[in-house]
Amino acid sequence: MDPSEYDLPFFHRQGFHRSTCVVCGHAFWTLGDFDRCQEAPCREYGFIGAPIFVRPYSLREMRETFLGFFEARGHTRIRRYPTVARWRNDVFFTQASIYDFQPWVTSGAVPPPANPLTISQPVLRFIDLEEVGRSGRHFTLFEMMAHHAFNRPDHEVYFKDRCTELCHELLVEKLGANPKAFTYKEEVWEGGGNLGPSLSVSALGLEVATLVFMEYTRDGENLKPMPLTVVDTGYGLERFVWASHGTKSAYEPVFGEEYDELRRSFAPHDAAVLIDHARALNFLLTDGVVPSNSKEGYFARLLLRRSLRILGRVPEAPDIYSILERSGREIARDFPEVGMHRDDLRRVVEAEVERYGEAIERARQTIRRTEDRIRSSGGHATSEDLIDWYDSLGVPPDLAVEELREPPPIPNDFYSLVAARHENERPTNDYVEVTQGLPEVPASVPKTEVLYYLDPYTVSFDAHVLWTEGPFVALDRTYFYPTGGGQVTDRGHLGDLEVVEVAWRGPWVLHRLERPSPFRVGDRVRGRVDPVRRTQLMQHHTATHLMNGTLREVLGPHVWQAGAYKATESARIDVTHFRALSKEELRAIDRRVNQIVREDRPVKSYFESRAEAERRFGFTLYQGGAVPGRELRIVEIEGFDVEACGGTHCTHTSEVGAIEILGVERIQDGVVRLNYASGERALEIREEHEEILREAARRLGVPVSRLPEGIDRLLAEIEESRKVARDRRKEDLGETAERLLSDPRATETVGPVTVVAARLDLDRTEMMELSRILSREAGRVVILASEREGRGTLFVGSTAPGISAANVVEAAKPAFDGKGGGSPAAATAVGEPGAPLTTALDAARLAARGTVAA
RNA sequence: GGGCACGUAGAUCAGCGGAAGAUCGCUGCUUUCGCAAAGCAGAGGUCGGGGGUUCAAAUCCCCCCGUGUCCA
C-alpha cells in the first residue's frame, strides 16, 4: 500500500512522527519516542499494574462511555445484531461488528440503518477456544465496540482523517490516556475481495483498536476504487476494561463478582472457562441456536459439554443451570432479551445435558468392552485408541482413562493429534446460483413493478413488454409471483402462450414462456395468472407462517425456521428443536394451528422501514433468513406471528381452510420437519386417506373402526401359517432322515462312525437342515448331493471326532471339478455344469470311510 | 458441509468369510400356602435397506437410510 495512504493531516496537526518498528518492520505514527511499535510481541505487556486509562471502568461503564462519546459526535447508537449471522450463508456467527452490514450495506445495495453509527456488537470467535481461561485475555464471546461510516460519492460522512482523530480523542481526552503512549501502525486489511489501509492502535503492548478503511476492490494486480468506502473500526470492550484496571488477567475486571464466586470452587482457569462459556451460551441460545451435532448447533454443544466436563470434576460444583442463570441475569441488565425466555432456554439445556449423560454412559460401556477384547487378545489400549474414542464416541481422554484397567498415557498434544486427523477433510461448497440459466438483461431496461405484493387476488392484468430474448419476457409490471422465499413459481399465460416459470433476475421479473417469445418490445400483452395454483400457493404460504407461529408457541421460542418449501401439492417447514416431536405435541400443534385458522384473524401485508420493523418486532422477523432492502415487507398475522416475507398471502386466516399435518420427521440433529397441506389440497388428501382406509377395511372384510384388530388377526394368521410351513418342512426332512438311516444303500456304520450319504435334490438350506437332523447324535458324517440348474452341490456335515467335513469335501472336489470349502463341522462344494455328481458323492463317501479306517 | 464409529432376539451386546449366539427380559413346567429365587424346557431373527464379489456374506466392496461423535 502506498505510504501516502497513511499520511493523514491529523497526524501532522497533532505533531505525530513516522518511524519504523525495529522488530516487525512496520511503519507507525506516534507522539512518543519509540523504536518499535507498541503492539505485542514487538513490545511486551507493560500495563499490568500500570493502567492505560485514568481510572478503572466496569464493563457497563466502559460500553456506555464509548457509545456516549460517539453519540455526542453525531453517531447514532444502534442495537446489537444476533450472534448467529442468519443473514449470511458464508459464516455461522457474527465475528465482527461489520458483519452486521455485510453484504448488502457494504456493497451499497441497501442504505445503513444510520450513518455514521456506533454499536457494541457481541461477537463469537471459536479459533482461540483453547486459550480461553489460559491466556488471561481470550474470550469466546466479546463485545466489539465500533463506529462505522459509509461514504457514497454524493455523500461523504468521514474517512481516514476524522476516524483517526475520533479514536485518538476517545483514548486521550475521554479516557485520559497518555497521548504519547500510542502507536498507530500501518497495515493492510483485505477481505471479501476488498482491501484498504488500516491502522492498528496500541499502547504498552496492548492493541486497543483497529481502524480499517475499505476503499479498493482487487482486480487481479490492480486496485479499483470502491464506489462506497467504509470506515470499519473495532475496539475490544473487554480489553478496554482490562486496560483500565491493569490487572494480571482480564477475567477479574470483566467478570467481577461472578468470577470471584466461582473461584471459591474452581481453579482460576476453570472458573474463567465456565463463566466465559456461560456468557457465550446465553447469547447463542437467546439468538436461537439449538445444540446439535453440526453447523452452529455444534458450537453450542461444544461449549456446554466443555462446561459439563469441568463441573463433573468437582463434586461440590454448582449445577450448570445456576451458572447459566447467574450469567444470564447479569447480561440481561444490558441486553434484556437475554433474560426473556429463561424457562425455554432451560429446557433446551436440560435436553442437552441428558443427551450428554447418555452419550458418555454408552461410551464408557463401549470402552470397557473394547479394552476387554484387546486384553483378551494379549494387547492393551494405546494412546491411539484414546484419540479414536474421542473422535467417534466423544469421550475426552481423561474420562476414558478412568474406565481403563491399563490406561495408556494421554499425549500432551492430544488435541493437535485429533486435529491432524481432520486435516485432509475437504468441505464441499456447491452453491447453486438461482440465476443459473437466466439471460443477462441490459441495465438500460427499467425494472419491473411487482404488483402481487399489493394485491394477491388479481390474476388478470395488462402490461407492456420491456425486453425479450428467446422464451424470456420482462414486463413493466406483473402480478406473476417469481420463485423465491421457498414459494414455487406462479404459472399462467401471457397472451395465448403458457408461462412455465417466473424468476427474479436482478430487479427484473423474467417470465419464461413455453416457446420463444413472439412479442416485441412495446407490445401490450394480457397476463393471466393460473388462479387455482395461485390460491393453493397462497394458502400454503400463509399456512406455513401459521405453523411457524404455532410451533414457537407450543414448543417454545427456541424454535426458528431453518427452511421451508411451499408447493401446490403440499408444504413443509423445518424448524430448530432439540428432540423429535411427541404424539401429544403433534396433537397440540394440529389443534392450535387449526384453531387460529378458524379464528379468521386478519393477515396484513405492508412495507415498513427496516429499522422501525426491527424495533417493533425484533430479529424474529427474519425467519426465512435475511431479506435485503431498506423497506421490509411485513406479513403480520394479527396477534400471532410477524415475519419479513415477500410471498403471496391470504388476507384472513380462514381462507387457509384447514391444515392437515401429513408427517413429521427429524431430518437432522436439532431440526424437525413438518409436512402439511391446506385448502383444497387438505380436503383432497383427507378424502384420499379415507378412501384408502375404506378400501383396506373392505379388503380385510372388517369395518373401518376394526381395522387395527383386523390387521393384527391377519398378521397372526401369517405368522401361524409360516410356522406351520416350517414345521411341515422339518417333519418332511425328519421323515427323509428316518428313511435314509434305515436304508442300507445310504447308511453304513464304520466302527464308531455312521456315514450317511445320499443324493436328493434339495436346496442349500434344506441340505443343511437335513444334515443337522441326521447328525444330532455324535459320530455322524452326512454327505448330501443335489443338482440345481445343471450344477452339482455337495454338502458334508460331520459330528464325528477326527473327521473334518472340510477335508472330506476337499477330497471329493477333483471328482467333479468342484470349488468350495468349509469348516470341520460343515463344508460345501459346487461342481462345474455337467460334471459327474455321483462320482463326487462316492469320492466323499470313500474319503469319510478312509479317514475312519486310518 | 466433511471425517470417523455404530445399526444382529423385546433390551444390552458378542460373532467380523464356512451350520446365527450370550446375558437380562418373556412363556411353560418343577419347587412354594403365595411371592421371591433356583432348576429344566421353550418361544422370539428378512443380522437397517438395496446392489456387487464369492462355491459360500451378519462378516468383504459400493450406494442409500438411520444413530452417535469429532471437526469446520
Side-chain angles (χ1 to χ4, degrees), chain A residues 89-93 126-127 129 291-299 301-302 305-306 355-356 358-363 365-370 372-373 376 384-397 400 414-431 579-580 665-670 718-720 722-723 726-727 763-776 782 784 788-789 791-799 804-806 809-810 812-813 816-833 835 840:
Chain A
N89 48 23
D90 54 340
V91 292
F92 295 134
F93 302 110
F126 285 92
I127 291 285
L129 198 56
S292 78
N293 60 10
S294 71
K295 301 189 183 166
E296 57 269 41
Y298 176 69
F299 293 92
R301 171 166 293 175
L302 183 65
R305 291 192 172 183
R306 279 170 59 97
R355 274 159 164 267
Y356 179 65
E358 284 167 7
I360 289 296
E361 196 34 56
R362 254 198 316 271
Q365 284 182 32
T366 305
I367 288 174
R368 256 177 274 154
R369 275 198 310 269
T370 309
D372 286 347
R373 200 165 47 237
S376 68
E384 196 67 11
D385 291 322
L386 292 180
I387 299 173
D388 268 346
W389 290 330
Y390 178 68
D391 216 16
S392 62
L393 301 172
V395 193
F414 183 82
Y415 290 96
S416 323
L417 292 173
V418 173
R421 288 205 174 185
H422 293 275
E423 231 159 43
N424 294 324
E425 294 163 17
R426 287 260 156 270
T428 49
N429 246 349
D430 36 354
Y431 260 133
R579 61 166 58 113
E665 52 185 332
R666 207 178 74 121
I667 57 166
Q668 50 166 281
D669 195 13
I718 293 169
E719 184 62 23
E720 181 57 25
R722 253 175 58 184
K723 220 179 134 180
R726 204 168 47 210
D727 291 350
D763 69 23
R764 206 183 195 86
T765 31
E766 286 167 338
M767 282 198 284
M768 284 201 290
E769 266 178 64
L770 178 57
S771 163
R772 193 170 261 191
I773 294 167
L774 284 166
S775 55
R776 265 202 199 115
V782 180
L784 299 171
R788 283 282 149 117
E789 286 160 20
R791 291 170 77 102
T793 304
L794 188 68
F795 179 88
V796 179
S798 167
T799 52
S804 157
V809 158
E810 204 55 42
K813 265 155 74 176
F816 72 144
D817 220 2
K819 280 186 192 168
S823 68
T828 325
V830 171
E832 286 300 309

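Chain letters run A, B, ... following the sequence lines, proteins first and then strands; every chain starts at 1.
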Rounded to the Å, how far apart are [X] [atom1] and [N] [atom2]?
X	N	atom1	atom2	value
A/R579	B/U67	CZ	C1'	16 Å
A/D372	B/C13	CG	P	14 Å
A/E423	B/C4	CD	P	15 Å
A/R368	B/U12	CZ	P	16 Å
A/D388	B/C4	CG	P	12 Å
A/E358	B/C6	CD	P	21 Å
A/R421	B/C4	CZ	P	11 Å
A/M767	B/C55	CE	C1'	11 Å

Expressed as a whole number of Å, how far does the [atom1] atom of [N] sit from that of [M]?
N	M	atom1	answer
B/U69	B/C61	P	25 Å
B/U59	B/G2	C1'	28 Å
B/G10	B/U53	C1'	35 Å
B/U46	B/A37	C1'	38 Å
B/U8	B/G45	C1'	8 Å
B/C13	B/G18	C1'	23 Å
B/A43	B/A57	C1'	28 Å
B/U67	B/G49	C1'	15 Å

Legend entry - Full working for side-chain contact (heavy atoms from CB on, under 4.5 Å) between A/R369 and A/T366: CA-CA 5 Å; A/R369 275 198 310 269; A/T366 305; 3.7 Å; yes
Legend entry - From CG (A/L784) to CD (A/E769), nearest 0.5 Å: 12.0 Å
Legend entry - With A/S292 via side-chain contact (heavy atoms from CB on, under 4.5 Å) - residues at least two apart: A/S294, A/D669
Can you identify which nucleotide, out of [options], has its nearest atom closest to the [X] side chain?
X	options	result
A/S294	B/U69, B/C55, B/G1	B/G1
A/M768	B/A19, B/G3, B/G18	B/A19
A/S775	B/A19, B/C4, B/C70	B/A19
A/T828	B/C70, B/A19, B/G18	B/G18
A/F92	B/C4, B/G18, B/A72	B/A72

Any [X] side-chain N or O less than 4.0 Å from OP1/OP2 of [N]:
X	N	answer
A/R362	B/U12	no
A/R764	B/C55	no
A/S823	B/A19	yes
A/R369	B/A14	yes
A/K295	B/G1	yes
A/Q365	B/C13	yes
A/R373	B/A14	yes

Pairwise N/O distances under 3.5 Å, protein to nucleotides 44-54 of chain B:
residue, atom, partner, partner atom, Å
B/G44, OP1, A/R726, NH2, 3.2

What are the two closest heavy atoms between [X] and [Y], and how far apart are they?
X	Y	value
A/R666	A/R579	CD-C, 4.4 Å
A/L129	A/R306	O-NH2, 3.5 Å
A/G822	A/A806	O-CB, 3.5 Å
A/F816	A/G831	CE1-N, 3.3 Å

Inset, instruction - Would you mind telling me which residue lines up with the more 5' stretch of RNA chain B, A/E769 or A/G394, judged by nearest nucleotide? - result: A/E769
Inset, instruction - With RNA chain B as reference, determine whether A/V830 or A/G821 sits nearer its 5' end, using the nearest nucleotide of each. - result: A/G821
Taking pairing as Watson-Crick or G-U wobble with both contacts under 3.5 Å, can you name the mate of [N], or confirm there isn't one?
N	result
B/A36	none
B/A43	none
B/G25	none
B/G7	B/C65

Inset, instruction - Examine the base of B/A19 for any acceptor or donor lying under 3.5 Å from a partner atom in the side chain of A/S771, and report the outcome as yes or no. - result: yes
Inset, instruction - Would you classify A/A825 as touching base, sugar-phosphate or nothing, given that sugar-phosphate means primed atoms plus P, OP1 and OP2, and contacts are heavy atoms under 4.0 Å? - result: base
Legend entry - Matching residue for A/Y390 among A/V418, A/L417, A/D385 - test: side-chain contact (heavy atoms from CB on, under 4.5 Å): A/V418
Inset, instruction - Over 60° means perpendicular and under 30° means parallel, so classify the ring planes of A/F93 and A/F299, tilted if in between. - result: perpendicular
Inset, instruction - Apply salt bridge (Lys or Arg N to Asp or Glu O under 4.0 Å) to A/K813 and A/E810, showing your working. - result: CA-CA 5 Å; A/K813 265 155 74 176; A/E810 204 55 42; 3.3 Å; yes
